[in-house]
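Note: hydrogens, waters and symmetry copies are ignored here, and every other heavy atom, side chains too, is used.
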Amino acid sequence: MTDVVNRAGTRRTYTHREVMEILSGLLLALLTSMISTSVVGTALPTIVGDLGGQDQLSWVASATLLTMTVSTPLWGKLSDIFGRKLMFQTSLGLFVAASVVAGMSQNIGMLIAARAVQGLGTGGLSALTQVILGDVVEPRERGRYSGYVGAVFGVSTVAGPLLGGFIVDASWLGWRWCFYVCVPLAVVAFAVIQKVLRLDHEHRDARLDWWGAFTITGAATAFMLVLSLGGHEFEWNSGWTYGLCALGVAFGLLAVVAERRAAGPILPPRLFRDRTFLLAGLASLLVGIAMYGAMIYLPQYLQIVKGMSPTASGLMTLPMVVSLFLGSIVSGRIVTRTGRWKAYPVAGMLLVAVGLGLLSRLHVDSGDLVIGIDMAVFGVGLGLTMQMLILAAQNAAQLRDMAATTSGVSFFRSLGGAVGVAAYGAILTNKVKSELTSMMAAAHITPSGGGSTLSLGTPEAIAQLPAPIHAMVLEAYARGMQTVFLVGVPAALLGFVAVLLLREVPLRSSRTAQAQRPAPAESA
């Protein structure tokens, strides 16, 4: 049983059943929105073939990630002003409306705009799910429920491409149902939240930090554009890259000034004087780099190197999903009983590093059992780590900073994901190109089209290559994947160091103690 304070100063009590009812609505909304960010990957060739706009393909995939990341800190502040429930339902409404528009798209520009609005809704849902959980559950009890949230991230990453492949392969559906299929589930989630979520809104400072919102969003957008479009729309070594980075730094400096002067800052400067918030945010960023990079590029290994269909590759990642789910649930329940949490992210980051090391040893002839064991090790590490970092940050935060702390840590994880996807993509492309060029030169083969690996096409097209070329392509991709996973090991080890430096404060059994926690001294 858990409780929260209402306006009258008494405490609203939530039973386990009531918390699970609320959580069911939150997780259903979160699952559908997260699936929507990855479902389009499998369907992209079909979508572009129907709508045209091959030169804007990267925008379809990047628009959601961009807006989801940059909007995350803003939703926390808006929920402080207008209430958690209203903002959660608003973000869910944005997601539903954008999904319908995306399914009705008549051209690539319309689809990109709809995907951008989808990202805004997804950013709100991912941040506010954690914030609301912090509102309705006592700190000591959060581990019991937060494992389910961590599991949703893993399941959605696998379920999205799997669902996308099924929809595209089903001639009686078509790619538009990649967007329509999420709408009924989101509507059900909206109804559940409307019925079961009863939060008494605590009226805080109602002044919105407009200047902070503008500068924070500007800085995040500039860096996200570089990460999302660098190497695709423009070269990494180009004026666009340097210009956007300079713009991001300028906006970042202005954001520091704005947040220090604002009466109600979106990211209060006192958070960055909190050791736990800084280390949890850094560890979350590094977890995001490791998690998103591996989860995005594992299907490529399975489909290109191992020759699996999208559906089969999705099923092959089940060991990772199951282990992530079990790691999240089991560790969360133990933490609820003991209040001690640090051992799990410490062990988790080590397992993430070990898992990436094992994945970096996969080759063309690796067996399914070996692949499954490697993914399971990686999944357990993620399950032990992701939600514990948010729990640690929430436990150390004052009640007035609950939303800012939660959305801040979530923002760093999303930013890490963007960094990982961009960096791994560049590494994979360059490695495959150099390996293939080297092998063809050694075999005295001159490839048509200038030898660019970018012209290899889809996994189906690669499978149709002549046998000698096909074998070289598979070996080149296998070596490229090995490099990608190996590069993730240092990031995981840095995350291990960050977690090791965290000071463990046992999870509080009551929010009252959290409310009475002294604030860090404000600097001049």
| Candidate pair Val419 and Leu285, rule side chain to side chain contact (heavy atoms under 4.5 Å, CB included), full reasoning | CA-CA 9 Å; Val419 172; Leu285 185 142; 5.7 Å; no
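- Heavy atoms of other residues, nucleotides or ligands lying less than 6.0 angstrom from CZ of Phe214 number 12 at most.
- A distance-only check finds a donor-acceptor pair linking the side chain of Ser284 to the backbone of Ala280 [under 3.5 Å].
- Residues meeting the salt bridge (charged side-chain N to carboxylate O under 4.0 Å, His left out) test with Lys431, sequence neighbours left out: Glu435.
- The nearest pair of heavy atoms linking Ala392 to Thr276 is O-CG2, 3.6 Å.
- Between Cys182 and Phe95, the closest heavy-atom pair is CB-CZ, 4.0 Å.
- Listed by chain and number, the residues in a salt bridge (charged side-chain N to carboxylate O under 4.0 Å, His left out) with Arg361 amount to none (sequence neighbours excluded).
- Side-chain atoms of Met316 and Lys306, non-hydrogen and from C-beta on, never get closer than 4.5 Å to each other.
- Minimum interatomic distance between Ile266 and Gly212 (heavy atoms only, all atoms of both residues): CD1-C, 4.0 Å.
- Side-chain contact between Phe251 and Phe223: absent, with no pair of heavy atoms (C-beta onward) separated by less than 4.5 Å.
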- I would like to know whether Tyr477 and Tyr301 meet ring-ring contact (aromatic ring centres under 6.0 Å, His included); could you show each step before the answer? CA-CA 7 Å; Tyr477 265 101; Tyr301 168 78; over 10 Å; no
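- The shortest distance between side-chain heavy atoms of Leu389 and Arg413 does not fall below 4.5 Å.
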Solution key, residues 367-376 side-chain donor-acceptor pairs under 3.5 Å, sequence neighbours excluded:
none

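- In this structure, Leu271 and Thr405 have side chains that are in contact, with non-hydrogen atoms separated by less than 4.5 Å.
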Decide yes or no on side chain to side chain contact (heavy atoms under 4.5 Å, CB included) for Leu324 and Met386, but give the supporting numbers first. CA-CA 10 Å; Leu324 190 157; Met386 287 194 303; 4.2 Å; yes
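- Remark: Ser328 OG to Met388 CE distance equals 8.0 Å, nearest 0.5 Å.
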Worksheet item: Under the side chain to side chain contact (heavy atoms under 4.5 Å, CB included) criterion, do Phe378 and Leu358 qualify, and how do the steps go?
Response: CA-CA 9 Å; Phe378 180 72; Leu358 292 173; over 6 Å; no
Identify all side-chain donor-acceptor contacts of residues 339-353 below 3.5 Å with residues at least two apart in sequence or on another chain.
residue: Arg340; atom: NH2; partner: Glu504; partner atom: OE1; Å: 3.1
residue: Trp341; atom: NE1; partner: Val505; partner atom: O; Å: 3.0
residue: Lys342; atom: NZ; partner: Leu500; partner atom: O; Å: 2.7
residue: Lys342; atom: NZ; partner: Leu502; partner atom: O; Å: 2.6

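- Summarising the geometry, atom OG belonging to Ser33 is positioned 8.0 Å from atom CG belonging to Leu31; distances are rounded to the nearest 0.5 Å.
- In this structure the side chain of Ser238 reaches within 4.5 angstrom of the side chain of Thr241, judged on heavy atoms.
- With sequence neighbours left out, the side-chain hydrogen bond (donor to acceptor under 3.5 Å, both in side chains) criterion links Asn237 to Tyr242.
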**Prompt:** Would Val473 and His470 satisfy side chain to side chain contact (heavy atoms under 4.5 Å, CB included), going step by step from the backbone distance to the final call?
**Reply:** CA-CA 5 Å; Val473 170; His470 182 248; 5.6 Å; no
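- Within the 4.5 Å cutoff, the side chain of Thr215 has no heavy atoms near those of the Val256 side chain.
- Here Thr406 contributes atom OG1 and Leu133 contributes atom CG; the two are 9.0 Å apart, rounded to the nearest 0.5 Å.
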Donor-acceptor pairs under 3.5 Å, side chain of residues 120-131 to any protein atom, not counting sequence neighbours: which ones?
residue: Thr122; atom: OG1; partner: Gln118; partner atom: O; Å: 2.9
residue: Ser126; atom: OG; partner: Thr122; partner atom: O; Å: 3.1
residue: Ser126; atom: OG; partner: Gly123; partner atom: O; Å: 3.1
residue: Thr129; atom: OG1; partner: Leu125; partner atom: O; Å: 2.6
residue: Gln130; atom: OE1; partner: Gln387; partner atom: NE2; Å: 3.3
residue: Gln130; atom: NE2; partner: Gln387; partner atom: OE1; Å: 3.4

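- No donor-acceptor distance shorter than 3.5 angstrom exists from the side chain of Thr221 to the backbone of Gly218, with no hydrogens or angles considered.
- The residue from Ser71, Pro73, Ser79 that alone fulfils the side chain to side chain contact (heavy atoms under 4.5 Å, CB included) condition with Trp75 is Ser71.
- In this structure, the side chain of Ser366 engages the main chain of His363 through a donor-acceptor pair within 3.5 Å.
- Taking all atoms of both residues into account, the shortest heavy-atom contact from Pro265 to Ala262 is CD-O, 3.6 Å.
- Residues Leu359 and Phe485 come closest through the heavy atom pair O-CD1, 3.5 Å.
- Rounding to the nearest 0.5 Å gives a distance of 9.0 Å between CZ of Arg115 and OG1 of Thr67.
- Gln394 has its side chain within reach of Leu391: a pair of non-hydrogen atoms, C-beta onward, lies under 4.5 Å apart.
- Looking at Thr483 and Arg479, their side chains never come closer than 4.5 Å, going by heavy atoms from C-beta outward.
- Here Ser407 contributes atom OG and Leu74 contributes atom CG; the two are 8.5 Å apart, rounded to the nearest 0.5 Å.
- Atoms CD1 and CG, from Ile216 and Leu254 in turn, are 11.5 Å apart once rounded to the nearest 0.5 Å.
- Between Ser414 and Met68 the shortest heavy-atom distance is OG-CE, 4.2 Å.
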